[in-house]
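One structure is given here, and the rest of the page talks about it.
Only heavy atoms go into these numbers, but all of them, side chains included; no hydrogens, no water, no symmetry mates. The shown structure was predicted, so the numbers you read here are calculated from the model rather than taken from an experiment. Naming convention: chains lettered A, B, ... in sequence-line order (proteins, then strands); numbering from 1 in each chain.
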Amino acid sequence: MPAVPVAAFVVATLLAADVPVAAAQTPRVLPARGAARALEPATDTTPEAGSKIERTAPVVTRVMPATFQVIAVPVPEGLSAGRPVSYHIIGTGAGTILGRRTGTTDGGPVLVTIGVPATALAGPLTIAHVRFSAPPTAEVETPLELDVGLVRRIAVSPSRAQQGVGAGGRVRLSYRIANEGNAPDTVAVHVDLPPGWRRLDTERAIAIPAGKSADRSAHLSVPTTAQPATMRVGLVVRVRDEERSRSYAYVEVAGASVDRRRSGANLTAGVASVVTGDGTASSVAAAELSGRLTDSIRVHGRVVSDVDPDPAALRGLARVGYGGGGTPWYLVLDAPAWRADLGTTRVGFTSLTGASAVGTGGAVSLRLDGWSGGGMVAGRSQGSAAPARYLGLRLARAFDSVRVGATVTHLEERSAFARSLDAIGLDATTPTAFGASATGELAYRRHRGGSGLGWAADVNRRADGGGHLHLRVAAAPGGSAAFARGTRELTASGSHRITGRVTLGGALWRNSDVSSIGQSVDFGGWSFAPRLLLADRAAVSLELGGNEFESRTATTAFGSADHRIGLVLDGYWRGIFGSSRMQFSAVERSVALGGTGHVSAANRATWQGTLGSGGTWGAADLTARVEQSRVGSGYEPRRNEAQLRLRSPALAVGAVDFVLRGELHHFGWFGDRTSLEAVRMAVDAQLPWNVRLTVDTERNPLFSAFAGGSAWSTALRLARSTVMPRLFAARGSEGVVFQDLNANGRLDPGEPGFAGAVVRHGMRFAATDQRGRFTFGAALGGEPRVDVRTIPLGWIVTGSIRHGDGLRTEIGVAPTSSVRVRLRIDTTGIDRMLEVPLALARVTVRSDGNREWTAPVDAGGVAFFDALPAGRYEISLDLSRFSEPLSMTDGDASFTIGAERMVLERVLVLRTRPVRLRRIEPGGPVREPPTAESVVRWPLE
Amino acid sequence: MRPRPVDTLLMSVVLAIAACASGTEPGPPPVPLVGEWSYEGTQTSPHSATLDGTLEVDRQSGQRFEGSLDVIESAAGGGRRLTGLLSGLAFDAQTVDFDVTIDGIARRHVAEVRGDSLVGTWAEVSVGGGTGAFHAVRQGAP
C-alpha cells in the first residue's frame, strides 16, 4: 500500500478522533519465549538470526471487527536510556498493518495502525510484534494483542421466496441461518404462522459457528379450510427468547390438495357422555357423513342414538355438538341439477302454501334448463306422537328474467293444537324499475277454520352503496294455524346512505295472527335509526322506536306498548372492537281477565358495553350489562351481568393440536338476590389418527338452582373421522412436477417429485404435494406451466411432456450449475510476440442428451455457463475466426454435473505454431480488427 | 375547570339509570305464589312444541314476585332446555302477570289463579315470536 495515502488516512482518522489511540503502559521485559514461532509471516523482514531477543508483556487493546486502531507501543524500560531505539513491526498475518514497519524513536511510543478484519473472531488475537533494538542491548519484542469484541449477528432467509401448497396439505419450508457474527451462537427459529396453520416438527436449538450457516426446514400443515391466497410465514430467529432476526416466506394456497380433491365424504363416528356433579351419566352415539360422494354429488347426513331426556344431559350434549335431543336421522344428497332429502325433512314451499313444518319422509327437487320443481312426502316427525301428513308439489319455469311457479300442498297435523292446510298457489317474480325485484303470490287456502284467498307481494331492492328497501304485504287466511306466518303482514324496512358519513335506517311492521287454540295476537312497531360515521371505523347511532302488542283469547287479554330512545357508539381501533348501547324506554302494560282490567306503567333503562379483540394470539371479549326497571315493566327490577370469553390460538403439543376456551359469566341483582357465577371451560383437541376429543365442563348455578342437583356438568365427546373414497371420480387435468436428476426432460424411474411448486393453467392454479403431484379437478385444454417463482433460484424447467389424452403432464425441474471455461495460450518455445484476441473464440458445451449451450468468450479468455442442468458434457471450441492457427493441446474438455448445484472450472490450453502465419482470404469479408481490450499480449507485460 | 365530556356522559348514565330505580309494593300479597309449580305448556306458533318443566316462585313481596322457569321444549326438530328468571305481579287473587326472560327475550305469561293451578296464555313480545298456552300446578308450599 502506498505510504502517503496510509499516512494521510491515519492522520485524518486521528484528527477526527474516530480512531482511538490505545494507551499502553511501559511493558515489562520478559524472557524470550518461542519468539521464532511468533515472528511470522515470511512476508516481513526478519532480524538477523542468532541475535538474543527478550519479550515484554503484550500490549492489549480492545477493538471491534472491521475497524482501524492506532496503538501506541511504549519503548520497553531500560532500552532507551537516551539513545535512539530502532523498531521493526512484524505482522502475524491476522490483520492488516498500515504505515511504516520500521523506524527509529528517541524514546517515545511507536504508533502502530491496525486494520481489524471483519472476520476476526471474538477474543484475543495477536496481530503483530514490535521488535525494539538499541545495540549493544539485546533486542526486545513487545507483542500487540487485540481483544476483539463480541459481535452477534444472525441472518435468516428462505430457500424459496415463494412456494405453493393445497388446502389441507403440508409444506416444507426450507431456510438458511447464517451466523454473521464473530462468535458461535445457538439460536432457535420460530415460525410465525397464519391462523390455523400448524408446525408438525419441533423447534430445536441450532449451534452455528461464527461465519458459518446452517440449512434447516420447518414442516407445516395447512388447514383444510384455508382459502386460496398468498400467505406470509414469518421466520423469527431467537436467542434466549430475544428476537435477533426476522424474514418472511410466502406460501400460495392453491385450493384443495391432491388427496382432498380425490377424497370422498368424511365419515365421523363419535360417542359423547355427560356426567353431572351428582354422578348421573348419559351417553349417546352418533355418525355423521359429510363431503363429496362423487365429483358432482355432495352428501350430508347424521344419525344420533336416543338421548336421555335429562335436562342436564340435553344441555351438556349440546355443548359438545350433539344438541337437539331426539334429533332424528337425515340424509341429503345434493347435485347441481337435483337434491334429495331423506329422513327428517323440512317443509319449504312458499309463504302461502306452507313454509314451517318438519316431518319424516323424503323430498326431491330438480333444476333443469329453466325448469325447477320438486315434491315432498312426509309423515309425523320422529319423536312426535301426533299423526301428521305433509304432501306437496311445486313446479316453476323461468322465462328470461321472469319466473313463474305453481304449488299444491296438503299439510295436516292432528295434535291438540292441530294445524291444517290445503293450498294451491301461483307465484311470479320479475325485475322492476330502479333495480328492484317484485314477487307476487296468490293462493287458495283451505284450513280447519275455513278457507279463503291468500295474497302476498314483496318488493326488494339492494343499492350499490349498501342501502336496501324491502316491502311486504300479505294476507293468509288461517294464519299460523294453517302454516303461515300470520293472517296479515305488513313490513317495510330500508336504509339509505345520505352522505358518505350519514346513513338512515328505519322499519315499520304490523302482524296479526290467530293460533290453533284461538289466541289472536297483534304486533306492531316502528324504528328509526340514523347512523353517523365519526371516523373510518367508529360510528354513533340514535335509536328511536316503539312496539305494540296485544294477545286475546276468549277469557284473557293482555298487551303492552313501549317507546324507546337509545344511543349506540361502536368502533374498531388497532384490533380492538368496542360498543356501547344505552337505551331508555317507557312501558305500559295491560291485563284483562274475567272482566277485571289492570294497567301499569313503568320506565326502564339499560346499558350494555362490549370490548373485544382477536388475532393470532386468540380472542377475548368482555360484555357488561346493567338494567334498571320499575315494577310493572315486566323485568326484574335491578340486574347486572358481565361475561368474559376467551379463546386460545391453535396450540400444539407434539402431534396434538388443540384450542382452549373459557367463559366466566356473572349475574347480579344489586343485593336483591344472591349473585351467581357460571364458569365454563373447554378443550377441543385433534389427536393422531383423525381422532377428535372435546371436553366441556360447566358450573352453572342457574340450572342447578332451578332444577336441583349439582351445578357441575362435564361433557366429553370422542369422534374419529374417516375419509371415504370418492365414487366415480372423473379425471381432470393433472400431472407431476419431478426432479429431473439427469436433466433429460423425461420422468425416469427413481426421479422424485418436487413439492411446493405452483402450476398455473390459465386463470387456474394448483400446488404440488409432497410427491410432486398436482391436479386441477377438471379437464382443461392447453398446457400447464410451472411458476418459476416457486422453484429455487438456480433451478430450471428441463421439459414438459403431455401424455395420452393430454390430461396428464410431467414437468421436470432441476438445479443448474455454473461452469467457467478458461482459455489459455501456451507460449512455450515461442519467442515472438503473440497477439491473440481470445474474444474471437466460441465455446460450446454439448450434453449427452445432445442439447447445446454456447457462450461468448470475454477478453480474458473466459466463457461462462451460468445454468447447466445435470448431465455429462463435452466442450468444443470454435477457433476458426482466429488469424493465428490455434489448437487445443491440454485440458479436460469434458465434465459432469450432478444433481446438486455446483461450480466448475475447466482450463483449456491453446497453442499455436512456432512460426507465425497469417491467413489471408482474398476477397473475403474483412475481419474486424481486435480491440485493445480483447487482445492478450503474450508474454504478459 | 370544565367537566370532560366523558365525565358528563357517565354522570348522565348514572342519573338516568337511577331515575328508573324500582319502587316497592309493600303490603300482603293478593295471592300466595311462593313454591314450586309443575309447568306444562304448548307452543302453537310459529311451529308447534310442548313445554314441560318446573316453575318456581322463591320470593314474593306485595304484588311482586320473582322466581325461575326450567322447562324442556320438545318439537319436531328435537328437544332443548330452556331456563330463565321470572318477575311478575299478582294484581289480585285471580290475576297474575309475569315475564320469563329466556336468552334475552321475554315471554309474557298471563294466568288465572284457580286454587293451586295457574291457567293462561303466553307470548313472546316480538314479531314472529312464539305464542301458546300453559298450565301450572302447585307442587308444595315453601
* Asked: Checking A:Thr596 against chain B: side chain, backbone, both or neither under 4.5 Å from a heavy atom?
  -> side chain
* Asked: Just wondering, are more than 12 heavy atoms of other shown residues or ligands nearer than 6.0 Å to CZ in A:Arg488?
  -> no
* Exceeds 12 heavy-atom contacts within 6.0 angstrom, atom CZ of A:Arg581 -> no
* Structure fact -> For B:Ala123 and A:Phe549, the nearest pair of non-hydrogen atoms, with its separation, is CB-CZ, 3.4 Å
* Can you list the steps and then say if B:Arg108 with A:Val591 is a side chain to side chain contact (heavy atoms under 4.5 Å, CB included)? -> CA-CA 11 Å; B:Arg108 187 172 175 189; A:Val591 174; 3.4 Å; yes
* Picking from B:Asp58, B:Asp99, B:Asp97, which has the most non-hydrogen pairs under 4.5 angstrom with chain A? -> B:Asp99
* Report the distance from atom CD1 of A:Ile517 to atom OG1 of B:Thr42, rounding to the nearest 0.5 Å. => 5.0 Å
* Structure fact -> Per-residue tally against chain A (heavy atom, under 4.5 Å) across B:Ala133, B:Gly120, B:Gly132, B:Ala106 peaks at B:Gly132
* Structure fact -> When the 4.5 angstrom heavy-atom criterion is applied to B:Gln43 and chain A, the contacting part is backbone
* Is there side-chain contact between A:Ser560 and B:Val125, with heavy atoms separated by less than 4.5 Å? -> yes
* Asked: What heavy-atom pair brings A:Leu593 and B:Ala111 nearest, and what distance separates the two atoms?
  -> CD2-O, 3.5 Å
* Part of A:Ser512 lying under 4.5 Å from any heavy atom of chain B -> neither
* Asked: If you round to the nearest 0.5 Å, how far is CH2 of A:Trp669 from CG of B:Leu85?
  -> 5.0 Å
* Asked: A:Arg419 versus chain B, heavy atoms under 4.5 Å apart: side chain, backbone, both or neither?
  -> side chain
* **Atom group of A:Glu489 that falls short of 4.5 Å from chain B, counting heavy atoms** => neither
* Nearest 0.5 Å please: distance from the NE2 atom of A:His598 over to the OG1 atom of B:Thr95. => 4.5 Å
